[in-house]
Amino acid sequence: MTSNALIQSVKALFAIGAAVSMVACASFQPSTPEEVVAKNALAFTNARIKGDHAAAYAYTNAAYQKARTLEDYKKAYPGTFAQSAAIHDVKCDEEKCAVGIDLKVKPPLITKNLGTIDMYSKQTWLLEDGQWRLYVEP
């Protein structure tokens with residue numbers, strides 16, 4: 001390989017490396033509060049649907065966790081009849097987000113089979129020590 005060809009190969013490798021670095025850096029950009037809260041709100045709601053109390057409790061705000069144990073949470077929020085959830089909308093300011101969630105709920109009516117019905121739920125999320133947490137009154 002001639003020195004010119006070698007120089008061209010090295011330049012091409014640097015160009016490819018620079019392009020890969022730019023793509024990698026772009027993928028590590030911080031998400032918007034709306035994106036973070038939407039992800040957390042859906043994860044919280046799905047944990048509730050699955051009956052994973054520990055995972056759901058982990059999303060609650062510090063004041064709630066300080067005042068109430070996981071066992072208290074389980075008693076207060078024993079289960080849900082929701083079958084699935086989707087984020088409807090998220091609106092944030094600097095330290096607070098309002099989240100709307102669309103739910104498909106199967107009511108527990110023994111004598112009638114209504115299938116699933118659409119419901120809407122609201123959540124409030126607060127920024128605490130750099131983390132978005134679901135506000136639950138203690």
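Count residues from 1 along the sequence. What you see is a predicted model; the values in this text were computed from it and never measured.
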Can you tell if the side chain of [X] reaches within under 4.5 Å of the side chain of [Y], non-hydrogen atoms only?
| X | Y | result |
| --- | --- | --- |
| Asn61 | Val136 | yes |
| Pro107 | Ile117 | yes |
| Tyr59 | Trp132 | no |
| Val99 | Trp125 | yes |

Could you tell me which non-hydrogen atom of [X] sits nearest to which non-hydrogen atom of [Y], and how far apart they are?
| X | Y | value |
| --- | --- | --- |
| Tyr73 | Ala56 | OH-CB, 3.4 Å |
| Pro138 | Tyr135 | CD-OH, 4.4 Å |
| Thr45 | Ala85 | CG2-CB, 3.5 Å |
| Gly100 | Tyr120 | CA-OH, 3.3 Å |
| Val37 | Cys97 | CG2-SG, 3.6 Å |
| Ala55 | Asp52 | N-OD1, 3.1 Å |

Measure the [atom1]-[atom2] distance between [X] and [Y] for me, rounded to the nearest 0.5 Å.
| X | Y | atom1 | atom2 | answer |
| --- | --- | --- | --- | --- |
| Leu103 | His88 | CG | NE2 | 12.0 Å |
| Lys75 | Arg68 | NZ | CZ | 11.0 Å |
| Lys39 | Glu34 | NZ | CD | 15.5 Å |
| Thr80 | Lys106 | OG1 | NZ | 14.0 Å |

Does one hydrophobic cluster hold both Tyr57 and Ile49, with members joined at side-chain heavy-atom distances below 4.5 Å?
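Different hydrophobic clusters.
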Does one hydrophobic cluster hold both Leu42 and Met119, with members joined at side-chain heavy-atom distances below 4.5 Å?
yes
Quick check: does any side chain N or O of Glu35 sit under 3.5 Å from a backbone N or O of Thr32, one acting as donor and the other as acceptor?
yes
Output yes when a side-chain donor or acceptor of Glu95 lies under 3.5 Å from a complementary backbone atom of Leu126, and no otherwise.
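No, because the side chain of Glu95 does not come within donor-acceptor range (under 3.5 Å) of the backbone of Leu126.
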Can you check whether His53 and Tyr77 have ring centres sitting under 6.0 Å from each other?
no
Should Asp89 and Lys91 count as an ion pair when the cut-off is N to O under 4.0 Å?
yes
Verdict with supporting geometry, Asp118 and Asp102, side chain to side chain contact (heavy atoms under 4.5 Å, CB included)
CA-CA 7 Å; Asp118 294 333; Asp102 293 322; over 6 Å; no
Test side chain to side chain contact (heavy atoms under 4.5 Å, CB included) on Asn40 and Arg133 and set out the steps.
CA-CA 8 Å; Asn40 288 354; Arg133 300 286 181 188; over 6 Å; no
Do Thr116 and Gln83 meet the criterion of a side-chain donor-acceptor pair at a distance under 3.5 Å?
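No, because no side-chain N or O of Thr116 sits under 3.5 Å from a partner of the opposite role on Gln83.
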Please evaluate residues Lys96 and Leu127 with respect to the criterion side chain to side chain contact (heavy atoms under 4.5 Å, CB included), reporting the C-alpha separation (whole Å), side-chain torsions for both, the decisive distance (0.1 Å), and the verdict.
CA-CA 6 Å; Lys96 182 178 178 181; Leu127 186 59; over 6 Å; no
Run the side chain to side chain contact (heavy atoms under 4.5 Å, CB included) check on Gln123 and Ile101 step by step: do they pass?
CA-CA 8 Å; Gln123 297 175 351; Ile101 299 187; 3.3 Å; yes
